[in-house]
Number of protein chains: 2
Amino acid sequence: MATTPFPLTDTLATAGETGTVAGVTPAFSPLYQQIKVLILQSLQAGEWKPGELIPSEMDLAARFRVSQGTVRKAIDELAAENLVVRRQGKGTFVATHAEHHVQYRFLRLMPDSGDANSEGPAERQIIDCKRLRAPADIARPLALRTGDAVLQLRRVLAFQGTPTILEDVWLPGGPFKGMTAERLATYRGPMYALFETEFGVRMVRAGEKIRAVAADAASAELLKVPVGEPLLSVERIAYTYNDLPMELRRGLYRTDTHHYKNELS
Amino acid sequence: MATTPFPLTDTLATAGETGTVAGVTPAFSPLYQQIKVLILQSLQAGEWKPGELIPSEMDLAARFRVSQGTVRKAIDELAAENLVVRRQGKGTFVATHAEHHVQYRFLRLMPDSGDANSEGPAERQIIDCKRLRAPADIARPLALRTGDAVLQLRRVLAFQGTPTILEDVWLPGGPFKGMTAERLATYRGPMYALFETEFGVRMVRAGEKIRAVAADAASAELLKVPVGEPLLSVERIAYTYNDLPMELRRGLYRTDTHHYKNELS
DNA sequence: TAGTGGTCTAGACCACAGG
DNA sequence: CTGTGGTCTAGACCACTAC
């Protein structure tokens, strides 16, 4: 199929001429990148839901009228970004936070001995959950305007009886309309899985800023440490598709029995 | 060239039969993985030095008697691991820490405003540099025996006049024979670049464990903070080829004007 | 103009999963 | 047995760099 030399050139964004006539940016992108964007749009539009099987490489190649190898390269990049998961013999699936193999995909806190799975699931306790108008320092990172409605959640995670993480979570009121403390408390599984299934919001990547701070009175009581105890302060902004921020999270981690693990390359 | 159907099968590790006769592990690896290992061995053996050009994909394909596409896939993975750098129109180069584009490839500490380049180079001050016999807690992470010779270095990094990082570095005595405080003090550029050029040791990846701790008297004085001030404790183990640990580094970071930045996906 | 990496195609075969 | 992703090949052409 597709005997034309440049199958998509007139269907998709052609991008500047070869000679870069006068364009500021070349604005050229290879075919497989354009295919990647198309698949991304289908993911974003919910054509295939988290956990579901997407069409085979051959089907997608036919749909976009390119060769299977070109689709393959597009999917390779999506898989590298953890947006889809390939399973040989089965197909390619939309990634999800609901796989119980890795319960907290973005949590880098590890017990000092053993791995994340060796200590069992965290005990979760919701301290507070309320709706409020976003102050400036909350609105900004969420790309909202000051005063917009946001949902604030405070909770404690304990491992083997020891409270270890105290975190505040802020969510934009719009996409998370209908969220309640009840729903959060009764849900088994990662918070991000609930976001997917109940609100159609998929967290795709995140950035964290880490600092060392001293425990204040409130934090100290909840984490059962002395006031002034050094704690790891972890501010996370999580993004959906299109780099849209969808969650702000400020966590305090005890690092007496756990540590934040990071791999560099 | 290479009209045989399985060019490398009898030259390289054939790996178990298709049926997985009785092997515990399949021990099968695709051709491009075997090529990758061969290129890796050449890198490790120093056939091409850091910063140098490696043979073209066509040359390597001829050398290993495989197609260009297979070599390409091997190099793709090496590039993804930051072991080599591809430059279109020029060739593929061995990665190095000496490129002044990124002065500290493994340092994740960023100024709160602006990027890493906006504050200029760090001012370095060597506090101490001595040879000693490794205690158990130093020998272990470096895969040495207790009592083996190691080199210990203590230094302070300051940004715009503010001392921000205090770190102790331990290096195995063998590979770093001849290292002196003088050499370290006079060298311009990243420490890892010196390791490459003077000792032929290339740091390829690293792992970090991060904690929050309180400044003790000695640290407080060197970093000019009050005793008890919360500091980020960053323990890094850096590895050469073959996952061989070659450096242990324990750093204390001030996080009042800087933060540790991490990207999750 | 020559050589390099980058893209795209088409077709073959292998490994794996499931009916 | 079929269909999926995974590997490998061969050849074409494009984009960039340097001489």
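We name chains A, B, ... by the order of the sequence lines, and we start the count at 1 in each one.
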Could you check how far [atom1] of [X] sits from [atom2] of [N], rounded to whole Å?
{"X": "Gln33(B)", "N": "dC8(D)", "atom1": "CD", "atom2": "P", "answer": "9 Å"}
{"X": "Leu60(A)", "N": "dG3(D)", "atom1": "CG", "atom2": "P", "answer": "17 Å"}
{"X": "Lys36(B)", "N": "dT7(D)", "atom1": "NZ", "atom2": "C1'", "answer": "15 Å"}
{"X": "Tyr32(A)", "N": "dA15(D)", "atom1": "OH", "atom2": "C1'", "answer": "13 Å"}
{"X": "Asp76(A)", "N": "dG6(D)", "atom1": "CG", "atom2": "C1'", "answer": "10 Å"}
{"X": "Phe64(A)", "N": "dC8(C)", "atom1": "CZ", "atom2": "P", "answer": "14 Å"}
{"X": "Phe93(B)", "N": "dG5(C)", "atom1": "CZ", "atom2": "C1'", "answer": "11 Å"}
{"X": "Glu77(A)", "N": "dC8(C)", "atom1": "CD", "atom2": "P", "answer": "11 Å"}

For this session: Check each residue of residues 39-57 of chain B for a non-hydrogen atom within less than 4.0 Å of any atom in DNA chain C, then write out the ones that pass by number, or none.
Result: Ser56(B), Glu57(B)

Seminar exercise, completed: Test side-chain contact (heavy atoms from CB on, under 4.5 Å), reference Gln41(B), set Ile39(B), Leu43(B), Leu38(B), output is Leu38(B)

Problem set entry | Carboxylate-amine/guanidinium contact Glu235(A) Arg249(A), below 4.0 Å |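 Between Arg249(A) and Glu235(A) there is no salt bridge, as every charged N stays at least 4.0 Å from the carboxylate O atoms.
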
For this session: Would you tell me if any nitrogen or oxygen in the side chain of Thr70(A) comes within less than 4.0 Å of OP1 or OP2 on dT9(C)?
Result: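 Yes, Thr70(A) has a side-chain N/O under 4.0 Å of OP1/OP2 on dT9(C).
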
Exercise. Within the pair Arg72(A) and dG5(D), is there a side-chain N or O less than 4.0 Å away from OP1 or OP2?
Worked result: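 The answer is no; no side-chain N or O of Arg72(A) sits under 4.0 Å from OP1 or OP2.
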
Problem set entry | Residue pair Asn82(A), Arg205(A): steps toward the side-chain contact (heavy atoms from CB on, under 4.5 Å) verdict | CA-CA 9 Å; Asn82(A) 295 313; Arg205(A) 66 175 192 89; over 6 Å; no

For this session: Kindly write out the residues that satisfy side chain to side chain contact (heavy atoms under 4.5 Å, CB included) with Arg63(B), not counting sequence neighbours, or none if the list is empty.
Result: Ser42(B), Glu47(B), Trp48(B)

Problem set entry | Thr70(B) side-chain N/O to Val66(B) backbone N/O, donor-acceptor pair under 3.5 Å | no

Exercise. Which residues within residues 80-92 of chain B lie with some heavy atom under 4.0 Å of an atom in DNA chain D?
Worked result: Gln88(B), Gly89(B), Lys90(B)

Exercise. Are Arg87(B) and Phe93(B) in a cation-pi contact, defined as NZ or CZ under 6.0 Å from the six-membered ring centre and within 45° of the axis?
Worked result: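 Yes.
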
Exercise. Can we call the ring centroids of His258(A) and Tyr253(A) under 6.0 Å apart?
Worked result: no

Problem set entry | is_close_aromatic(Phe106(A), Tyr192(A)), centroid dist under 6.0 Å |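 Yes, close enough.
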
Problem set entry | Side chain of Lys73(B) - closest among dT4(C), dT4(D), dT7(D) | dT7(D)

Problem set entry | Listed nucleotide nearest any side-chain atom of Pro30(B), set dT9(D), dT9(C), dT7(D) | dT7(D)

Exercise. Around atom CZ of Arg140(B), are there more than 12 heavy atoms of other residues, nucleotides or ligands at under 6.0 Å?
Worked result: no

